[in-house]
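Accompanying notes for the structure given below.
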Amino acid sequence: MAGDCIFCKIAAGDIPGDIIFEDELAVAFRDINPQAPTHVLVIPRAHVGNASTLTEADDALIAHLMRIAGQIARDEGIEGSGYRIVLNVGSHGGESVPHLHIHILGGRQLSWPPG
Ligand code: 5GP
Ligand code: ZN
C-alpha cells in the first residue's frame with residue numbers, strides 16, 4: 001500500500017469499487033466516471049507507478065495485465081465491435097491517479113486523435 005493511494009485502497013478492499021475481476025496480481029473495476037458504455041480499469045494489486053517507471057522486473061506483470069484486459073473486453077462483449085486500451089502518463093497524458101492502470105474503453109465509436 002502506497003500512502004494515500006486510492007487504487008491501493010480499492011485493491012485492498014478498504015474503499016469500495018465495482019470490482020469485476022481479481023486474482024493474486026491484478027484487480028479490475030469499473031471507472032467511477034465512465035467515458036464510454038464500458039470503461040474498466042485494470043490495475044496491479046501492488047502499487048506500481050505509471051508506465052514511465054516500469055523496470056524489467058515488471059515485464060511479467062504487464063503481460064498479465066494486458067491479457068486480463070483482453071479477457072475483460074471479451075467478457076464485456078466489446079471484442080467484436082472493438083475497443084481502446086489506454087495508459088495515461090503524466091500531466092499532458094491526463095494521468096490523475098499515480099498507480100498504474102489500464103483503461104479499457106468501448107461500447108461506442110471512439111474518435112481519433114484523442115482530445
Ligand atoms: P487517469 O486519469 O489517471 O488516467 O485515470 C484515473 C481514472 O480513475 C479516471 O478515469 C477516474 O474517473 C477514475 N477514478 C478516480 N477515482 C476513482 C475511484 O475512487 N473509483 C473508481 N472506480 N474510479 C476512480
Ligand atoms: Zn497504489
Side-chain angles (χ1 to χ4, degrees):
M1 169 89 62
D4 257 358
C5 176
I6 193 151
F7 286 178
C8 281
K9 288 180 178 164
I10 290 175
D14 292 344
I15 64 167
D18 188 355
I19 292 173
I20 61 170
F21 173 89
E22 55 186 325
D23 65 13
E24 66 282 1
L25 292 175
V27 181
F29 51 96
R30 297 194 191 282
D31 197 293
I32 204 168
N33 183 22
Q35 301 302 312
T38 293
H39 189 174
V40 173
L41 303 173
V42 185
I43 68 170
R45 192 175 280 287
H47 187 86
V48 174
N50 72 27
S52 290
T53 71
L54 297 173
T55 70
E56 205 173 334
D58 299 311
D59 285 1
L61 175 65
I62 300 310
H64 186 71
L65 297 175
M66 288 299 290
R67 185 170 59 74
I68 289 167
Q71 182 62 54
I72 288 170
R74 273 192 290 286
D75 293 348
E76 291 286 310
I78 56 173
E79 188 181 39
S81 50
Y83 57 95
R84 189 167 294 162
I85 283 175
V86 174
L87 290 172
N88 291 328
V89 179
S91 174
H92 279 186
E95 178 190 356
S96 60
V97 179
H99 179 133
L100 187 74
H101 48 284
I102 299 174
H103 294 260
I104 305 165
L105 294 146
R108 68 171 172 84
Q109 182 64 55
L110 300 168
S111 58
W112 192 266

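Count residues from 1 along the sequence. Whatever order the structure lists ligands and atoms in, that order sets their numbers, starting from 1.
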Does E95 reach ligand 1 with a nitrogen or oxygen that is under 3.5 Å from one of the ligand's nitrogen or oxygen atoms?
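Not met; the criterion fails.
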Short N or O distance, F7 and ligand 1, threshold 3.5 Å exclusive:
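Min N/O separation from ligand 1 is not below 3.5 Å for F7.
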Strictly under 4.0 Å, does any heavy atom of [X] approach an atom of ligand 1?
X	result
L87	no
G17	no
Q35	no

To make sure I understand the geometry: which N, O or S atom in H47 is closest to the Zn ion (ligand 2)?
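Of the nitrogen, oxygen and sulfur atoms in H47, the Zn ion (ligand 2) lies nearest to ND1.
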Is there side-chain contact between N88 and N50, with heavy atoms separated by less than 4.5 Å?
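Counting from C-beta outward, N88 and N50 never come under 4.5 Å.
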Is any side-chain heavy atom of F29 closer than 4.5 Å to a side-chain heavy atom of I43?
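They are in contact (side-chain heavy atoms under 4.5 Å apart), so the answer is yes.
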Heavy-atom nearest option to atom 24 (C) of ligand 1, drawn from V89, N88, L105, I32:
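It is I32 whose heavy atom sits nearest to atom 24 (C) of ligand 1.
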Under 4.0 Å from a heavy atom of N33: give me the atoms of ligand 1 that qualify, with their elements.
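Once the distances to N33 are compared, the set is 12 (O).
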Can you sort out which atoms of ligand 1 are near I6, meaning under 4.0 Å from one of its heavy atoms?
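Answer, ordered by atom number: 19 (O).
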What's the shortest distance from [atom] to any protein heavy atom, and which residue and atom give it?
atom	value
atom 1 (P) of ligand 1	H101 NE2, 3.1 Å
atom 3 (O) of ligand 1	S96 N, 2.6 Å
atom 12 (O) of ligand 1	D31 OD1, 2.5 Å

Identify the two heavy atoms, one from G106 and one from Y83, that lie closest to each other, and give their separation to 0.1 Å.
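Looking at all heavy atoms of both residues, the closest pair is CA-CB, 4.1 Å.
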Indicate, as side chain, backbone, both or neither, the part of R30 found under 4.0 angstrom from ligand 1 when only non-hydrogen atoms are considered.
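Backbone only.
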Considering only heavy atoms, does D18 approach ligand 1 within less than 4.0 Å through its side chain, its backbone, both, or neither?
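Looking at D18 and ligand 1, no heavy atom falls under 4.0 Å.
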In degrees, rounded to 10 degrees, what angle do H99 atom ND1 and C5 atom SG make at the Zn ion (ligand 2)?
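With the Zn ion (ligand 2) as the vertex, the angle is close to 100°.
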Can you check ring-ring contact (aromatic ring centres under 6.0 Å, His included) on H101 and H103, steps first, answer last?
CA-CA 6 Å; H101 48 284; H103 294 260; 5.2 Å; yes
CG/L41 to CZ/R30 distance, rounded to the nearest 0.5 angstrom?
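Reported value, rounded in 0.5 Å steps: 11.0 Å.
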Would you mind telling me which of L25, V27, L61 makes a side chain to side chain contact (heavy atoms under 4.5 Å, CB included) with P44?
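It is L61, the one option of L25, V27, L61 that forms the side chain to side chain contact (heavy atoms under 4.5 Å, CB included) with P44.
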